[in-house]
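We count ligands from 1, going down the list as the structure has it; atoms in each ligand are counted the same way.
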Amino acid sequence: MKCTRMITDSITWVGGSDRRLALFENRYPVPCGASYNSYLITDEKNALLDTADAAVSGQFLENVTAALGEKPLHYLVVNHMEPDHCAGIGGLLSRYPDMKIVATAKALQMICQFFGVDVTGRAIPVKENDTLPLGVHTLRFYTAPMIHWPEVMFTYEEKEQLLFSADAFGSFGALGGRLWQDEYDLDSEWLPEARRYYANIVGKYGPQVQAVLKKLSDVSIRMICPLHGPIWRGDFDYLLNKYRLWSLCEPEDRAVCILYGSMYGYTANAADILANMLADKGIPVRVYDVSVTHLSTLIAEAFRCSHLVLAAPTYNNGIFPSMRSLLHELKELNLQNRTVGFVENGSWAPVCAKQMQALIGECKNMTQLTPVVTIRSALADDSLAQLEALAGAVIADF
Ligand code: FEO
């Protein structure tokens with residue numbers, strides 16, 4: 001049975017939600033599921049904007065068929081060619097033999113790569129600022145490379161002033177009947193999963209996000225329609241402020257995130273004692289065990305917080321592996337503009353602080369706090385004094 005929702009009199013949401021997916025991109029847990037949004041514009045010429053993931057392709061095709069009724073499908077606009085949005089292309093090509101595919105040249109090339117079909121005769125390649133009249137609606141295309149693949153474009157519908165923004169402004173989470181942002185408590189329901197989605201998937205491409213935000217700054221937008229998560233018909237300042245901070249890699253909150261690895265609980269003990277010292281002074285603090293908290297959550301917290309404390313044992317003459325993986329990911333995602341403290345542990349040769357400092361030193365504009373705390377197996381009077389001094393340095397920075 002069709003499961004659609006009208007966005008305007010002539011634009012219908014025809015996507016689907018998946019609550020059985022264990023790992024998005026086979027990497028990220030999605031305990032709240034995921035939505036794959038697709039939009040149908042009916043006019044003199046009918047246009048579908050993007051398809052959906054294979055997991056919901058049955059529901060998606062039923063939705064499109066029902067929303068079109070007897071009308072033909074003239075255009076499929078492909079804003080993004082990642083498979084979570086393009087699994088329906090083959091089915092639509094067969095079902096609607098007169099349908100043309102509208103996409104960037106790079107996206108058209110990817111269709112051939114993924115599906116082994118040459119769509120040249122059915123393709124309308126578009127470039128920056130090209131337009132496509134549908135009747136009363138007109139589509140205008142803006143390239144948005146690396147948000148989050150190189151072929152991406154945004155589509156703007158001029159009459160109703162809707163921006164179809166591909167992965168940008170999206171979030172994890174199934175929709176479950178709540179299609180609009182004003183049907184969510186943004187801070188508690190939308191923000192944590194949107195931040196985790198942004199930081200892990202788009203986080204590396206801050207300059208590209210900045211470029212497209214600048215390009216669209218004079219465009220009048222009534223709704224933002226992403227490929228994942230709710231559609232925005234208000235709260236634009238809230239949304240754009242988050243995207244500004246994330247894309248500039250500026251912290252959202254003045255807060256401390258203590259990230260620790262611990263084999264037998266001694267480094268964990270130091271992390272918790274440090275957290276108590278900071279909390280006693282009213283400083284917002286969160287503590288995470290890097291071995292049991294998913295990397296994507298740790299990365300999202302690193303994007304949120306102004307201050308990080310990294311605490312880990314020395315392992316094989318290096319950094320405890322879970323911490324080492326986290327630091328490599330943060331570097332690859334271009335984390336910047338943070339203040340960082342260090343706690344190392346080692347029973348006979350503690351060396352991991354220097355190595356953690358070196359990795360953090362490869363990120364831009366990071367302030368490293370002193371002293372570095374060195375624990376020999378378990379906290380003792382001398383290392384506790386160092387920990388108090390590190391807490392003092394953090395407190396002095398607030
Ligand atoms: Fe939702 Fe980059 O795909």
Side-chain angles (χ1 to χ4, degrees), residues 13-39 48-57 59-60 63 76-90 101 103-104 106-111 113-115 141-155 163-175 179 181 190 193-209 211-213 224-232 239 242-243 246-247 296 299-300 303 329 332-334:
W13 177 88
V14 290
S17 284
D18 182 4
R19 298 178 187 80
R20 299 174 71 179
L21 180 67
L23 295 172
F24 187 86
E25 289 187 1
N26 213 11
R27 286 203 73 198
Y28 308 110
V30 278
C32 302
S35 78
Y36 306 99
N37 299 337
S38 169
Y39 306 92
L48 181 66
L49 287 94
D50 292 293
T51 73
D53 187 80
V56 298
S57 59
Q59 180 71 69
F60 162 75
N63 288 347
L76 170 64
V77 177
V78 177
N79 284 312
H80 186 14
M81 256 308 290
E82 193 162 6
D84 55 332
H85 307 295
C86 68
I89 291 178
I101 296 183
T104 61
K106 211 174 273 295
L108 293 168
Q109 178 191 334
M110 286 184 183
I111 292 175
Q113 289 171 197
F114 274 110
F115 303 120
F141 305 105
Y142 295 96
T143 56
M146 300 319 297
I147 309 174
H148 107 264
W149 280 16
E151 86 297 355
V152 171
M153 65 178 187
F154 292 179
T155 298
L163 179 69
F164 298 91
S165 62
D167 277 343
F169 309 115
S171 72
F172 294 135
L175 289 174
L179 189 60
Q181 102 290 341
W190 179 82
E193 285 298 82
R195 181 191 299 117
R196 193 166 65 89
Y197 172 88
Y198 178 93
N200 287 277
I201 292 175
V202 192
K204 185 175 176 62
Y205 305 111
Q208 289 85 351
V209 173
V212 83
L213 288 178
I224 297 175
C225 306
L227 287 175
H228 302 284
I231 299 169
W232 293 71
L239 178 64
K242 294 299 178 194
Y243 260 69
W246 293 339
S247 59
S296 64
I299 288 166
F303 268 69
E329 286 265 353
E332 283 173 16
L333 291 169
N334 289 329

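In terms of heavy atoms, A54 sits closest to A87 at N-CB, 3.3 Å.
Below 30°, between 30° and 60°, or above 60°: for H148 and Y205 the angle between ring planes is between 30° and 60°, a tilted geometry.
Using a 3.5 Å distance cut-off with no hydrogens or angles, the side chains of N79 and H85 do not pair a donor with an acceptor.
Taking 4.5 Å as the limit, every side-chain heavy atom of S38 sits out of range of all side-chain heavy atoms of T51.
Among F172, Y36, F169, W190, the single residue meeting the ring pair (Phe, Tyr, Trp, His ring centres under 6.0 Å) criterion with H228 is Y36.
At most 12 heavy atoms of other shown residues, nucleotides or ligands fall within 6.0 angstrom of atom NZ in K106.
Only protein N, O or S atoms were scored, and 4 of them lie under 2.8 Å from atom 2 (Fe) of ligand 1.
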